[in-house]
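Input: a single structure, listed below in structure tokens.
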Amino acid sequence: MKRQIVLGIAAAAIVAGYANAETAPDDVKFVDGAVAQSLTGKPGDPVAGEKIFTTKSMGNCIACHVVTALAKYPFPGDIGPSLDGVADRWNEAELRGIVANAKMTYEGSVMPPFYKVSGFIRPGDHYTGKAAPADLKPILSAQQIEDVVAFLETLKEQ
Amino acid sequence: MTAVVALVTLSLSGMAQAAGDDPDPGKELVINGDMQMVTRVKAPDNIPGLTNVYSGWLFHDPSTQAMEMDDFDNPGMTGAETGTENWSVADGSEGKSCASCHGDIEKMKGVRTHMPKVNKDGKLWSMEDYINNCRTTRMGAKAWSWNSADMQDMVAAISVQSRGMPMAVATDGAAAKFWKEGEKMYYTRTGMLELSCASCHEQNYGNHIRAEHLSQGQLNGFPTYRLKTAKLVSIHNRLKGCVRDTRAETYKEGTDALRILELYVASRSNGLSVEGVAVRP
């Protein structure tokens, strides 16, 4: 009886532990540009990912990338490559690494880092032009990164 | 290499353009049917990142381009006219107007081409600084705020006097140290997006960022009239906006940081015709 309670508490602690086990931006481990471990331990939501991809105040990926499946959103930019079939070219870990910090895959890339909080020059507070607060948040949260990665994984041609 | 030299020779002799990256091959800017503008020219030697420099005019759609081709259709000319009227209106405790000392505003011909420039005290000043200095120290009038209609109308009126003349901002002598600092700013990636001016205007001109067609970010058309905001935009305001768009902490209009950046960016336009007042979407 007592033992079961203890086990129950332990199990609850593990669940709670998962909920808190978000990898902080400074702790993300890149291996050859890829990030093997989920940043949240929870699966991403591709529908939320599409929203983040196409919304200016969120990922705004569409400012630089064309995706044929997103043709209903007008005027995508063309600074980066088309992402059609991108999941055939890169696996989940590689996609997570590219979205978190593309410079780990492409040296000197103009693609912004979406999960990074330190090492900036004159970081601002969103698009206000004011200085960033001391507790700077990454452009996308851990879960938003997972959502975008889940969306990218739907972009298969084969 | 030989091909590049050949193209440059072509463009200098005013013949047809064939450069691969020309944003609008064959298109010529002629204002009021008789003022031929130079909108493409070989890049200055101290700008190794560019082969040719292109006026922002070449990057816009035909209807926006057309507005700049006729002063009656150019909504920015209203501001220039107001500025020209104010030129001879006395203001301040000394009872003087600009005309009292400078005579006809046509005497300002050429001034735009070499702004910003180092003043007698070794400070780098933009055109707005020269104007405010005359107002406060010579007219006993109040300084105009940088982005005010009074100020930008006057900047427009003075700029129009140099229309068609090549930009010729000094980068040597007293300007050299400011220019070097400006160059460093231009290539520094700022903000959470880690983008430099060069990321957009040197590496990606001709491409689109969402619906916007990226130009080389030249200054020969300033102050520009923006259709979106329906007013004249100062150089510093535009630079500030681009810094902000990297999710960075910006600099205010009329700060040394923006004077320095202005100097460097203006020098990238050297050789292009002054177009002020240009029309932008």
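Proteins come first, then strands; the chains are lettered A, B, ... in the order of their sequence lines, and each starts at number 1. As the structure is a computational prediction, the values presented were derived from the model and not from experiment.
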Tabulate, with distances rounded to 0.1 Å, every donor-acceptor pair spanning chain A and chain B at under 3.5 Å.
from: B:R189; atom 1: NH1; to: A:S109; atom 2: O; distance (Å): 3.0
from: B:R189; atom 1: NH2; to: A:G108; atom 2: O; distance (Å): 2.9
from: B:R189; atom 1: NH2; to: A:S109; atom 2: O; distance (Å): 3.3
from: B:G191; atom 1: N; to: A:I121; atom 2: O; distance (Å): 2.8
from: B:E194; atom 1: OE1; to: A:K103; atom 2: NZ; distance (Å): 2.7
from: B:E194; atom 1: OE2; to: A:K116; atom 2: NZ; distance (Å): 2.6
from: B:H208; atom 1: N; to: A:D78; atom 2: OD1; distance (Å): 2.5
from: B:H208; atom 1: O; to: A:D78; atom 2: N; distance (Å): 3.0
from: B:H208; atom 1: ND1; to: A:D78; atom 2: OD2; distance (Å): 3.4
from: B:R210; atom 1: N; to: A:A63; atom 2: O; distance (Å): 2.7
from: B:R210; atom 1: NE; to: A:P74; atom 2: O; distance (Å): 3.2
from: B:R210; atom 1: NE; to: A:F75; atom 2: O; distance (Å): 3.1
from: B:R210; atom 1: NH2; to: A:P74; atom 2: O; distance (Å): 2.7
from: B:R247; atom 1: O; to: A:G124; atom 2: N; distance (Å): 2.9
from: B:E249; atom 1: N; to: A:R122; atom 2: O; distance (Å): 2.8
from: B:E249; atom 1: O; to: A:R122; atom 2: NE; distance (Å): 3.0
from: B:E249; atom 1: O; to: A:R122; atom 2: NH2; distance (Å): 3.3
from: B:T250; atom 1: N; to: A:G129; atom 2: O; distance (Å): 2.9
from: B:T250; atom 1: O; to: A:R122; atom 2: NH2; distance (Å): 3.1
from: B:T250; atom 1: OG1; to: A:G129; atom 2: O; distance (Å): 3.2
from: B:Y251; atom 1: OH; to: A:R122; atom 2: NE; distance (Å): 3.4

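- Looking at A:P74, both its backbone and its side chain come within 4.5 Å of chain B, counting heavy atoms on both sides.
- Shortest non-hydrogen contact noted between A:P123 and B:M192 is CB-CG, 4.3 Å.
- With sequence neighbours excluded, the residues forming a side-chain hydrogen bond (donor to acceptor under 3.5 Å, both in side chains) with B:W179 are B:S267, listed by chain and number.
- Heavy-atom distances place both the backbone and the side chain of A:P113 under 4.5 Å from chain B.
- The salt bridge (charged side-chain N to carboxylate O under 4.0 Å, His left out) check on B:K123 picks up nothing, with sequence neighbours excluded.
- Take B:F178 and apply the ring pair (Phe, Tyr, Trp, His ring centres under 6.0 Å) test, not counting sequence neighbours, and it matches no residue.
- Ranking A:A131, A:G119, A:G129, A:P112 against chain B, the residue ahead of the rest is A:G129, based on heavy-atom pairs under 4.5 Å.
- For a residue to count as touching a neighbouring chain, one of its non-hydrogen atoms must lie under 4.5 Å from one of that chain's; by this rule B:L195 touches chain A with the side chain only.
- Applying the 6.0 Å contact sphere to NZ of B:K180 captures no more than 12 heavy atoms from other residues, nucleotides or ligands.
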